There are 2 protein chains.
Amino acid sequence: MKFDLLDRTPHLPSRIVNALQAEIDKGHLKPGDRLPGEQALAETFGVSRNVVREAIARLRSDGVVQSRQGIGAFVMREAASPILRIEPGTLSDRASFANVFEVRAMLEVRAAGLAAKRGTAAHRRAITAALERMRGTDKWADGGVDADLEFHRAVALATGNDYIAKVVSFVSEHMRDSIMATRRRPSARLDAIVEVTIAEHVAIHDAIMGGAAAEARAAMERHIINAAARAGIEIAADD
Amino acid sequence: MKFDLLDRTPHLPSRIVNALQAEIDKGHLKPGDRLPGEQALAETFGVSRNVVREAIARLRSDGVVQSRQGIGAFVMREAASPILRIEPGTLSDRASFANVFEVRAMLEVRAAGLAAKRGTAAHRRAITAALERMRGTDKWADGGVDADLEFHRAVALATGNDYIAKVVSFVSEHMRDSIMATRRRPSARLDAIVEVTIAEHVAIHDAIMGGAAAEARAAMERHIINAAARAGIEIAADD
DNA sequence: TACTGTCCTAATGTCCTACAACCTAAATAA
DNA sequence: TTATTTAGGTTGTAGGACATTAGGACAGTA
């Protein structure tokens with residue numbers, strides 16, 4: 001079996017992981033197939049068995065393969081993995097940002113409605129606190145982005161659905177990149193952007209506090225569409 | 001520093017991982033703190049450095065710690081993790097199932113609409129193929145559940161948004177448990193359930209093939225609400 | 001004092017060998 | 001044929017060695 005090492009990070013195990021994952025993605029290694037032995041892989045890649053072992057340990061920890069002592073490592077069926085991993089940096093182009101925004105729109109618009117309907121007093125306090133933190137930071141110099149993401153996490157938590165909260169938390173992390181991209185845009189008048197952004201969050205906040213589900217959904221949808229626009233991305237309104 | 005080894009799996013690295021993770025969860029190791037050196041950990045746990053290295057490699061791969069050559073391994077801040085991990089089995093009660101169904105409704109209803117609007121010919125062929133596989137299996141004896149999940153994945157892929165597809169794939173895995181729970185319900189007339197389920201999928205399929213976005217969304221929403229009902233769970237229709 | 005360059009130490013990263021634990025399958029014995 | 005043993009291969013663990021990198025101590029210099 002041949003492997004491509006087009007990666008060039010100085011970290012050897014990562015290169016092995018990528019190479020093996022690529023083989024699986026390309027279908028050269030199908031579920032149920034047995035990987036070459038560690039010794040064989042070590043010779044193929046020109047590294048020691050330790051490095052190969054660390055690479056396979058990562059794949060195993062990701063649920064991609066399962067290794068059994070005395071036999072070998074086997075590719076698992078594709079979707080059996082209990083984890084969802086998307087490496088930071090893989091979401092860098094506009095198309096990827098648009099994809100993330102689309103998922104945000106799906107999840108968070110409804111989440112805002114549910115938060116207005118079902119949020120407890122404690123949940124609402126957390127939302128208000130996050131909003132205050134956003135207001136308190138100076139032009140997002142320091143923790144402004146964190147406060148922003150915290151706000152969205154708090155809204156997701158207010159749905160009372162932990163599963164939503166986890167997924168939204170996960171997706172939020174990928175917003176960091178696009179937020180940074182917004183700040184780097186040439187025409188970005190930072191203070192104006194911050195002001196508008198906070199106003200949008202206030203609208204969401206007030207709707208949730210008032211228990212107005214439809215209004216909260218609308219406010220969240222406006223916010224996400226506008227945020228996308230500020231990042232230079234056009235996404236369609238939900239029809 | 002003291003560590004508890006209450007775990008007793010025969011896999012040493014897993015025990016180290018759990019012990020270290022417990023220290024972090026309990027707050028004995030806070031973000032920014034430096035872990036003891038590999039040599040020290042090896043002596044503490046009474047294992048070789050190889051085992052410690054594999055444990056730390058897993059924590060690093062999960063984004064829990066970051067290790068720098070020449071210095072040590074440091075606990076990262078909590079939310080920077082690039083992965084979403086939900087261990088199978090943690091979703092077992094009705095409340096958890098309801099949560100998962102709620103997320104499904106958020107994501108897949110819209111995804112069905114997008115699939116109808118944007119799905120390519122290849123995407124549609126995949127959807128049809130999955131539906132045929134569902135029809136072909138005998139009372140879901142063998143691969144019926146797989147075919148069901150494959151159908152939903154194919155719909156998600158047809159949105160043209162890989163990010164949606166990944167998230168839906170992830171969520172789908174958690175459906176397996178609830179589907180199994182449905183099959184165990186006492187009143188479950190299996191053949192009738194299968195027949196109805198397939199009919200619902202046909203409706204989704206036909207709407208997507210016809211490019212009818214609103215119809216596809218409605219069909220998907222009906223399907224998810226009914227599927228939840230079959231699992232004994234009541235979820236509210238989207239208003 | 002402040003700065004600079006060197007040396008030393010410690011930590012991770014990689015390599016190597018050896019053995020233990022485990023599995024498969026062929027060879028062998030009853 | 002059937003059961004047992006044996007041989008070989010594979011992952012898991014142990015332990016030592018060196019490479020590479022980072023940071024501190026310390027002298028020397030302006």
Side-chain angles (χ1 to χ4, degrees), chain A residues 1 3 5 7-21 23-24 29-76 80 87, chain B residues 1 3 5 7-21 23-24 28-76 80:
Chain A
M1 193 172 309
F3 294 96
L5 261 274
D7 206 339
R8 65 200 166 340
T9 84
H11 202 246
L12 297 184
S14 300
R15 297 169 60 171
I16 314 290
V17 166
N18 292 339
L20 290 175
Q21 185 73 62
E23 289 301 304
I24 294 173
L29 284 171
K30 289 177 291 295
D33 285 356
R34 181 180 163 283
L35 265 60
E38 295 176 351
Q39 187 66 44
L41 286 174
E43 290 166 7
T44 301
F45 289 114
V47 298
S48 78
R49 194 158 81 95
N50 284 31
V51 174
V52 171
R53 277 192 62 78
E54 178 171 335
I56 291 184
R58 272 169 59 174
L59 292 175
R60 182 173 48 239
S61 147
D62 285 5
V64 176
V65 307
Q66 178 186 13
S67 50
R68 283 183 294 171
Q69 183 170 350
I71 308 186
F74 297 84
V75 180
M76 306 264 300
E87 296 296 341
Chain B
M1 193 171 308
F3 294 96
L5 260 277
D7 207 339
R8 66 204 168 334
T9 84
H11 202 246
L12 296 184
S14 300
R15 297 170 58 170
I16 313 289
V17 166
N18 292 338
L20 291 175
Q21 185 72 62
E23 289 300 304
I24 295 173
H28 297 166
L29 284 170
K30 289 178 290 296
D33 285 356
R34 181 181 160 282
L35 266 61
E38 296 176 350
Q39 188 65 44
L41 286 174
E43 289 165 8
T44 300
F45 289 113
V47 298
S48 79
R49 195 159 81 97
N50 276 343
V51 174
V52 172
R53 277 193 62 77
E54 179 171 334
I56 292 185
R58 270 169 59 174
L59 292 174
R60 183 173 48 239
S61 136
D62 283 5
V64 176
V65 306
Q66 177 187 16
S67 48
R68 283 184 296 170
Q69 183 170 350
I71 307 189
F74 297 84
V75 181
M76 306 265 301

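Just so it is clear: chains get the letters A, B, ... in the order the sequence lines come, proteins before strands, and each one is counted from 1. Model, not experiment: these values are computed from the prediction.
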Distance in Å, B:L59 CG paired with B:E54 CD, rounded so as to fall on 0.5 Å steps: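 Rounded to the nearest 0.5 Å, the CG-CD separation comes to 11.0 Å.
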Inter-residue atom distance A:D33.CG - A:I24.CD1, 0.5 Å rounding: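 Rounded to the nearest 0.5 Å, the CG-CD1 separation comes out at 9.0 Å.
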Check the distance between [N]'s [atom2] and [X]'s [atom1] and give it to me in whole angstrom.
{"X": "B:L12", "N": "D:dG15", "atom1": "CG", "atom2": "P", "value": "12 Å"}
{"X": "B:R58", "N": "D:dG12", "atom1": "CZ", "atom2": "C1'", "value": "14 Å"}
{"X": "B:Q66", "N": "D:dT21", "atom1": "CD", "atom2": "P", "value": "17 Å"}
{"X": "A:R49", "N": "D:dG9", "atom1": "CZ", "atom2": "P", "value": "14 Å"}
{"X": "B:R15", "N": "D:dG12", "atom1": "CZ", "atom2": "P", "value": "16 Å"}
{"X": "A:F45", "N": "C:dT14", "atom1": "CZ", "atom2": "P", "value": "14 Å"}
{"X": "A:L41", "N": "D:dG12", "atom1": "CG", "atom2": "P", "value": "13 Å"}
{"X": "B:Q69", "N": "D:dT21", "atom1": "CD", "atom2": "C1'", "value": "5 Å"}

Would a 4.5 Å heavy-atom cut-off, applied to side chains only, mark [X] and [Y] as touching?
{"X": "B:S61", "Y": "A:D62", "answer": "yes"}
{"X": "B:V75", "Y": "B:K30", "answer": "no"}
{"X": "A:I16", "Y": "A:L41", "answer": "no"}

Residue mapping more 5' on DNA chain C - nearest nucleotide basis, A:R68 or B:E38: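 It is B:E38 whose nearest nucleotide is closer to the 5' end.
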Pairwise 5' ranking along DNA chain D for A:R60 and A:N50, keeping only the more 5' one: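 It is A:R60 whose nearest nucleotide is closer to the 5' end.
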B:R53 side chain to B:S48 side chain, donor-acceptor N/O pair below 3.5 angstrom: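 No, B:S48 and B:R53 have no side-chain donor paired with an acceptor closer than 3.5 Å.
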A:I71 side chain, from C-beta outward: closest of C:dC22, C:dT24, D:dT20: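 Within the option list, the nearest is C:dT24.
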When you check the phosphate oxygens OP1 and OP2 of [N], does a side-chain N or O of [X] lie under 4.0 Å from one of them?
{"X": "B:R34", "N": "C:dA11", "result": "yes"}
{"X": "A:S48", "N": "C:dC15", "result": "yes"}
{"X": "A:R53", "N": "D:dG12", "result": "yes"}
{"X": "A:S67", "N": "D:dG12", "result": "yes"}

Inter-axis angle, terminal five-pair segments of the helix from C:dT1-D:dA30 to C:dA30-D:dT1 [nearest 10°]: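 About 10°, once rounded to a multiple of 10°.
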B:E38, B:R60, B:R34 screened by side-chain hydrogen bond (donor to acceptor under 3.5 Å, both in side chains) with B:S67, the one that passes: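 Of B:E38, B:R60, B:R34, side-chain hydrogen bond (donor to acceptor under 3.5 Å, both in side chains) with B:S67 is met by B:R60 alone.
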